[in-house]
Peer 1: 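Quick one: the structure is below, questions incoming.
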Amino acid sequence: MTSLVARLVIRVAGLFVPWGRRGEWREEWHGELAALEYEHARGTTGLPGLVTYALGAVPHAPWMRTEGWTMDSMLQDLRFSTRVLLRSPGFTLVAAVTLALGIGANASIFSLVNGLMFRSPAGIHEPDLLVQIPRSYESAPRWDNFSWLAMELIRDESRMLSGVAGYSGRSLVIGRGTEIRQVPASSSPATTSRYSACILLSADCCSPRTT
Amino acid sequence: MPRSLGITSLQILGAIRDHSPYGLEVVTRTGLASGTVYPTLGRLKRSGLIKARWEDQRAAEREGRPRRRYYELTAEGQLSLAEGASRVATLAANLSSAALGGAG
């Protein structure tokens with residue numbers, strides 16, 4: 001069974017060897033496998049398994065393909081492909097338009113996803129140091145928001161964080177009595193631009209309740 | 001002028017010199033993976049440090065197995081191996097003396 005698998009590995013890997021050299025390449029590998037099988041049958045110890053040995057053909061095969069590459073051969077291929085494309089301009093045009101549309105669509109989608117999901121928010125220079133602090137209770141273990149007062153307490157008392165900012169999806173009114181002010185949505189009350197913590201504020205931040 | 005070879009190439013050249021003429025013997029003698037040995041053999045052959053020849057077909061058929069490909073060192077390969085071995089020996093001596101100096 002292992003012999004079959006080993007031979008199959010060599011057969012499949014051989015597909016990557018240039019056609020003109022494939023026969024000799026397979027012959028060498030089959031010769032080595034036969035020698036290994038013979039040694040196994042004799043009971044020689046310290047030898048690799050058949051499949052392990054055959055797996056060496058996997059990096060060897062692509063190496064055979066690339067070892068003969070030279071600048072001259074690549075230029076020759078380039079000249080040949082140019083001549084073929086010029087001989088059938090209709091096909092060339094359709095292929096070029098298809099490629100252009102495909103590349104353009106992919107680039108647009110990537111730009112969108114990159115801008116929305118991968119890039120760090122404006123003003124944050126070290127996004128890998130940014131953490132978001134959630135709140136949960138033992139009785140209700142879920143992601144919860146903080147009040148404004150709690151956020152201020154964490155910001156003022158924390159010794160581990162270089163800065164704390166709160167944000168909210170909608171505008172908030174902060175304060176009590178006549179001393180109130182409105183904080184716009186997604187506002188950041190932190191004084192430093194090197195945030196280390198980000199806290200989602202709850203809508204009831206004006207409540208005197210603290211967490 | 002002899003080429004400056006890496007440890008893997010030197011191990012393989014050394015194995016071929018020490019009568020391990022084909023891939024499987026090189027693998028067992030050096031302990032290197034077959035996926036490392038065969039591409040390196042190809043590179044050494046292309047550099048002219050070893051040459052390859054096929055075993056006689058009839059000899060292989062008599063033993064009921066495919067023929068093997070045998071490798072042997074060229075004159076340039078022998079020179080490169082000698083130069084490499086001397087370089088590795090100097091390096092090992094330097095490292096040993098540095099380690100002893102550090103320990104003392």
Side-chain angles (χ1 to χ4, degrees), chain A residues 2-14 16-18 20-73, chain B residues 3 5-9 11-16 18-74 77:
Chain A
T2 51
S3 173
L4 275 176
V5 174
R7 280 169 210 288
L8 184 68
V9 168
I10 288 172
R11 186 148 200 87
V12 173
F16 294 93
V17 178
R21 303 166 71 190
R22 196 175 296 162
E24 279 201 343
W25 181 86
R26 277 188 177 151
E27 193 174 1
E28 180 171 15
W29 274 98
H30 285 311
E32 302 288 13
L33 271 189
L36 186 58
E37 276 179 307
Y38 176 73
E39 293 296 333
H40 277 300
R42 277 180 58 197
T44 312
T45 54
L47 293 170
L50 283 174
V51 177
T52 309
Y53 196 82
L55 283 173
V58 175
H60 190 207
W63 180 84
M64 292 286 286
R65 180 162 285 279
T66 55
E67 76 143 327
W69 282 359
T70 61
M71 190 52 82
D72 279 350
S73 66
Chain B
R3 293 162 206 277
L5 297 168
I7 297 291
T8 303
S9 299
Q11 273 182 284
I12 292 173
L13 286 179
I16 294 171
D18 297 338
H19 313 294
S20 295
Y22 61 97
L24 176 62
E25 283 199 2
V26 173
V27 167
T28 49
R29 185 178 281 255
T30 59
L32 294 168
S34 55
T36 303
V37 167
Y38 288 94
T40 310
L41 283 171
R43 265 193 294 276
L44 293 171
K45 183 169 160 285
R46 210 170 120 207
S47 310
L49 302 182
I50 57 175
K51 56 185 176 184
R53 67 175 172 83
W54 283 103
E55 182 186 17
D56 182 49
Q57 181 75 48
R58 280 166 301 181
E61 278 172 6
R62 268 199 301 276
E63 293 182 22
R65 56 172 175 76
R67 58 182 181 156
R68 289 174 190 155
R69 200 173 201 191
Y70 289 118
Y71 297 92
E72 58 184 298
L73 292 190
T74 61

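Just so it is clear, the values below take in all heavy atoms, side chains as well, and ignore hydrogens, waters and symmetry mates. To find a chain, count down the sequence lines: A is the first, B the second, and so on, and within it residues start at 1.
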Peer 1: Please classify the contact between A:E37 and chain B as side chain, backbone, both or neither, with a heavy-atom cut-off of under 4.5 Å.
Peer 2: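 Neither part.
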Peer 1: Is it the case that the side chain of A:H40 and the backbone of A:P48 share a donor-acceptor pair, with hydrogens and angles ignored and the cut-off at 3.5 Å?
Peer 2: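 Yes; at least one donor-acceptor contact below 3.5 Å.
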Peer 1: So which of B:T36, B:V27, B:V37 has the largest heavy-atom pair count under 4.5 angstrom toward chain A?
Peer 2: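 Ranked by contacts with chain A, first place is B:V27.
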Peer 1: At a heavy-atom separation under 4.5 Å, does B:R67 approach chain A through its side chain, its backbone, both, or neither?
Peer 2: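 For B:R67, heavy atoms of backbone and side chain both lie under 4.5 Å from chain A.
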Peer 1: Are the ring centres of B:Y38 and A:W63 closer than 6.0 Å?
Peer 2: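 Between B:Y38 and A:W63, the centre distance exceeds or equals 6.0 Å.
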Peer 1: Is the shortest distance from a Lys or Arg side-chain nitrogen in B:R68 or B:E25 to a carboxylate oxygen in the other one below 4.0 Å?
Peer 2: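 No, this pair does not count.
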Peer 1: In terms of heavy-atom pairs under 4.5 Å, which option from B:S34, B:G42, B:P66 contacts chain A the most?
Peer 2: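 Most heavy-atom pairs under 4.5 Å with chain A: B:S34.
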Peer 1: Between B:E61 and B:R58, is there a salt bridge with N-O shorter than 4.0 Å?
Peer 2: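 Salt bridge: no.
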